[in-house]
Amino acid sequence: CPRWEEEKKEDGVKWTQLEHRGPYFAPLYEPLPDDVQFYYDGKPLKLSLATEEIATFYAKMLDHEYTTKEIFQNNFFNDWRKEMTSQEQEIIKDLDKCDFREIHKYFVDKSEARKALPKEEKQKLKEEADKIQEEYGYCILDGHREKIGNYKTEPPGLFRGRGNHPKMGMLKKRIMPEDVIINCSKDSKIPEPPEGHKWKEVRFDNTVTWLASWTENIQNALKYIMLNPSSKLKGEKDWHKYEVARRLKDVVHKIRAGYQADWKSKDMRKRQRAVALYFIDKLALRAGNEKEEGETADTVGCCSLRVEHIKLHPELDGQQHVVEFDFLGKDSIRYYNKVSVKKMVFKNLMLFMKNKNPGDDLFDMLSTFVLNKHLQHLMDGLTAKVFRTYNASITLQEQLKALTNPEDTVAGKLLSYNRANRAVAILCNHQRATPKTFEKSMQILQAKIEAKKQQVEEAQQELKKAEEEFEDTNDEKAKANVEKKKKLLTKLEDQLAKLNVQATDKEENKQIALGTSKLNYLDPRISIAWCKKFGVPIEKIYNKTQREKFAWALDMTDEDFEF
């Protein structure tokens, strides 16, 4: 039987045997060649090794938008100065006088040289990487050889963060064996730390699924080495997550009726809870207060919304009872939305905001703890994330039913799929900045379209000529030529249609991140059933890695699956 259907262990126990090699550490810093220099105030300056390494982090990013941001520059310069020798601190006092261009050019050239390596050299590098993966990228879990997800520690560098993160530019320090806690089974061969080092601790905890962990220095967040998404434990967890969301389907109408009744409750705490739950359900907002320890960004979720984060419009753009949201959500991504809400929700919000200052809590009688406790009471295992998963999956299923035309080409069906996926990404606020290469790749695509149009026009003329020739001669050779020209024209028209679909898709997706919802919030069985029903190859939706992650779903789904 498939791995995820093997006998279950007692509650809380995740494994009985776990053996692995520990993490693969980022390679040590290689100093710059003598002819590559850093300049301060126009003069070359030889830096100490630690200072030079941090300078290379900034130099590598010179052509990136980050290095133009003041907050990034200030954080980098503050952290860099802390690592300098006292002598360097005396000299280097102004980032504007620092010239990293020669170092930047060195790394650009190095990258280009690597791309231009002959095939044999590239193959050699690939074999070396494969050897490392073979040694560190697998573990033995309950007799199965399982792939590990991220077996390498992150190299040191500058923290980027998403959105306008207040800590961007700060120095991410190198992870050492002394920072790492190892987790394995008592009877296994305990991994050896690199020579001259020792582990922070070795644990034998079979109630967790991580293999190694450490605390990163920027946000003091715990980082883990986990199993690959294709592993048995991850597959089971994924399957369970979507089954919980499917259970919500049976009680969601009752829950909605309940919170709508509570909008009129005499208990103000119930009213606040009911409005917050409406937002979580209707807008897929996160519950809030989910900051990682030490995170300083002013990010909020539903329960931590402040008065300043919303504006009320009795009427706006032809709609009534409009709430305008504007706040920083998870990862400092801005959430901006104008939504027409139910009249009672609007009235309650007016009441919650009465006599409050902009910095006051909107839901001052509600906390994430109270909300989650209430959700558990409504359905076992229910959280704000389950609502998000349920609404995302239901939206995809409904959109696919509405948008898919069975008569479409595969390219046309894929455009419908991406449009359905986009509706989910918009619901979940999965945005991205327009890629730097967007304009260029769009120009290339447009040039291909123009060239293809030209080919179609030429093929049309060729066909016309062939048909005239056949009319004149009425012989078999001329007839065969007409058929040949028709086939060519059809082929070229199909190719043109495909390119046009590609351009539409690219334009519509430029600021939407489809991947997050596809991999984390959408039950893969919906997509697999759709592929089987409409004859779309699974590979067009999920790449090899994703197919491995969703092996459990591929194994059990037929075309009639309904979320």
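If you read the sequence from its start, that first residue is 1, and numbering goes on from there.
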Determine whether Glu548 and Lys544 satisfy the following criterion, salt bridge (charged side-chain N to carboxylate O under 4.0 Å, His left out), listing intermediate values before the conclusion.
CA-CA 6 Å; Glu548 285 173 3; Lys544 184 174 181 283; 3.1 Å; yes
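- Residues passing the salt bridge (charged side-chain N to carboxylate O under 4.0 Å, His left out) test with Lys173 are Glu83, sequence neighbours excluded.
- Side-chain contact annotation: Thr215 with Asn220, donor-acceptor N/O pair under 3.5 Å absent.
- Geometrically, Arg388 engages Tyr521 in a cation-pi contact, judged by NZ or CZ lying under 6.0 Å from the ring centre and within 45° of the ring axis.
- Applying the salt bridge (Lys or Arg N to Asp or Glu O under 4.0 Å) definition to pairs two or more places apart or across chains, those involving residues 339-360 are Lys356-Asp364.
- Note that the CZ atom of Phe550 and the CG atom of Asp555 stand 14.5 Å from one another [nearest 0.5 Å].
- No donor-acceptor distance shorter than 3.5 angstrom exists from the side chain of Asp238 to the backbone of Lys234, with no hydrogens or angles considered.
- Between the side chain of Arg247 and the backbone N or O of Asp380 there is at least one donor-acceptor pair closer than 3.5 Å.
- Under the side chain to side chain donor-acceptor pair (under 3.5 Å) criterion, Lys373 pairs with no residue, sequence neighbours left out.
- Judged by distance alone, the side chain of Asn150 and the main-chain N or O of Met226 form a donor-acceptor pair under 3.5 Å.
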Exercise answer: donor-acceptor pairs, residues 529-538 side-chain atoms, under 3.5 Å, sequence neighbours excluded:
unit_1, atom_1, unit_2, atom_2, d
Trp530, NE1, Thr404, OG1, 2.9
Lys532, NZ, Thr557, O, 2.5

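- At a threshold of 4.5 Å between non-hydrogen side-chain atoms, the residues Arg525 and Phe563 do not count as touching.
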Please determine whether side chain to side chain contact (heavy atoms under 4.5 Å, CB included) holds for the pair Arg246 and Asp523, giving the CA-CA distance in whole Å, both sets of side-chain angles, and the decisive distance to 0.1 Å.
CA-CA 9 Å; Arg246 284 180 89 195; Asp523 189 327; 4.2 Å; yes
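- The number of heavy-atom neighbours closer than 6.0 Å to NZ of Lys540, taken from other residues, nucleotides and ligands shown, is 12 or below.
- Annotation: Phe159 is in aromatic contact with His165 [ring centroid separation under 6.0 Å].
- Here Lys270 pairs with Asp262, Ser265, Asp267, Arg273 under the side chain to side chain contact (heavy atoms under 4.5 Å, CB included) rule; sequence neighbours left out.
- With rounding to the nearest 0.5 angstrom, the CE atom of Met168 is 11.0 Å from the OG1 atom of Thr67.
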In sequence, state the C-alpha distance, the side-chain angles, and the governing distance for Arg160 and Tyr66, and then conclude on side-chain hydrogen bond (donor to acceptor under 3.5 Å, both in side chains).
CA-CA 8 Å; Arg160 299 185 182 196; Tyr66 277 107; 6.0 Å; no
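- Side chain to side chain, Thr209 and Tyr224 fail the donor-acceptor criterion of an N or O pair below 3.5 Å.
- The distance from atom CG of Leu277 to atom CG of Leu375, rounded to the nearest 0.5 Å, is 5.5 Å.
- The list of salt bridge (Lys or Arg N to Asp or Glu O under 4.0 Å) pairs with a residue in residues 395-412, not counting sequence neighbours, reads Lys401-Glu562.
- Without hydrogens or angle criteria, Glu216 side chain to Ala221 main chain gives a donor-acceptor distance under 3.5 Å.
- Judged by distance alone, the side chain of Ser304 and the main-chain N or O of Val300 form no donor-acceptor pair under 3.5 Å.
- Between His321 and Phe346, the ring planes are tilted. Angles from 30° to 60° get that label.
- A 4.5 Å side-chain heavy-atom check between Cys303 and Val370 finds every atom pair outside the cut-off.
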